[in-house]
Amino acid sequence: MSGATKLQSATKQVHEPPRAILGPTGNRARVLEEARRKIEVLRKSQQKPKKPVEKMSQAAVKNNFSVDSTCSSDSSSSSSSGVSSSSGKNVKHYGIKKVKDVRNGREILDVSSKKERPVKRCDWITPNSDPLYMSFHDEEWGVPVYDDRKLFELLVYSQALAELSWPAILHMRDIFRKLFDNFDPSSIAQFTEKKLLSLRFNGNLLLSEPKLRAVVENAKQMLKIQQEFGSFGNYCWRFVNQKPLRNGFRYARQVPVKTPKAELMSKDLMQRGFRCVGPTAVYSFMQVAGFVNDHLKACFRYQECNVDVKKDFKPKSEETEKVTEALGNTCVSHD
């Protein structure tokens, strides 16, 4: 018996590996399973980076198809991500194909991008602004004016800003022109009390009585200025040395409501008998009539107004002097 037990123990020592390498139970099948699991984990860990890259690149390709037609910047980023990935040939193929399409239609893409690019205006003009107000900003506000009737019209509107907004005034512009005889100062100066109180729209006075009386009185004083200076334009342009002022503000909060030159013009107008011509109203008049270019520097109209002034200032000033002198003579003859 002792010999058999020794033989069995010897065989166990020969065939069984050491206990330290095995698990607690000494089961070799478990060791093999653990080894297989480790191998599978290693294989999965090696395969994991490839799958997300493929998904990301496919998503980028999808984004390329959906966004590239409307936004070139998004398509370029998505196509670049597709080309840089090393997941497969399909991704590279789609990315290059979209780039080729863009190159073939390069002129069309450039035109569409220009149309879609928003025009930069002054901060007080927003996408929700009244279209009439927007066109007024783009075409008239800040453009130098030399015609006396036009100047008188803008002066009346600047006075009316105390009661109405610019969009409201612009929508009633035809009514203003009709009731004020197209802003002919010689005609307005002859308005009687009855005529003055008949300036109504929808049953209400166009402006308050003090403002209406101021318009009539200012028309009378304007005739005197025309006699003295040849035209109302000649009188007004003296305050800016015959050349529009350029401020070049960057932000709307920097634009003042009045300036020393506006205060000087306001004081002189009051001394001559004008009414409702405080510094704020006068500066609004200077802005809209182009005596000062208060378009923000980033606004597309800032440079355009400057270019128009450089090209057309001298010819216009000489021409308007003759026209305003003729108007002054006609006004004198009516008196």
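FYI, side chains are in, hydrogens and waters are out, and symmetry mates aren't considered; it's all heavy atoms of this structure.
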Notebook entry, point to check: Is it the case that more than 12 heavy atoms not belonging to K150 sit under 6.0 Å from its NZ atom?
Noted result: yes

Item checked: Charged tip of R253 within 45° of Y251 ring normal and under 6.0 Å -> yes

Check: Do you know which two heavy atoms are closest between Q226 and P185, and how far apart they sit?
Finding: NE2-CG, 4.4 Å

Next item on the list: Answer with yes or no after comparing the ring centroid distance for W124 and W141 against a 6.0 Å cut-off, counting only values under it.
Entry: yes

Note to self: Would you say the rings of F152 and F180 are close, in the sense that their centroids are separated by under 6.0 Å?
What the structure shows: no

Next item on the list: Kindly assign one of parallel, tilted or perpendicular to the pair F176 and Y157, based on the angle between their ring planes and the thresholds 30° and 60°.
Entry: perpendicular

Margin query: To the nearest 0.5 Å, what is the distance between CE on M265 and OG1 on T259?
Written below: 9.0 Å

Check: Parallel under 30°, tilted from 30 to 60°, perpendicular over 60°: which one fits the rings of H295 and H137?
Finding: perpendicular

Checklist line | Check: S208 main-chain N/O paired with E163 side-chain donor or acceptor under 3.5 Å | finding: yes

Checklist line | Enclosure of K211 NZ (heavy-atom neighbours >12, cutoff 6.0 Å) | finding: yes

Note to self: For the backbone of L132 and the side chain of D130, can you confirm whether one donor and one acceptor N or O come within less than 3.5 Å of each other?
What the structure shows: yes

Check: Distance from N293 atom CG to Q303 atom CD, nearest 0.5 Å?
Finding: 8.5 Å

Item checked: SG-CG distance between C236 and D268, expressed to the nearest 0.5 angstrom -> 10.0 Å

Item checked: Chi angles and distances behind the side-chain contact (heavy atoms from CB on, under 4.5 Å) call for I169, L161 -> CA-CA 8 Å; I169 292 172; L161 287 174; 3.7 Å; yes

Check: Which heavy atom in A281 sits nearest to a heavy atom in C276, and how many Å separate them?
Finding: CB-O, 4.2 Å

Next item on the list: Might you point out which heavy atoms bring L179 and R200 nearest each other, and give the distance in Å?
Entry: CD1-O, 3.8 Å

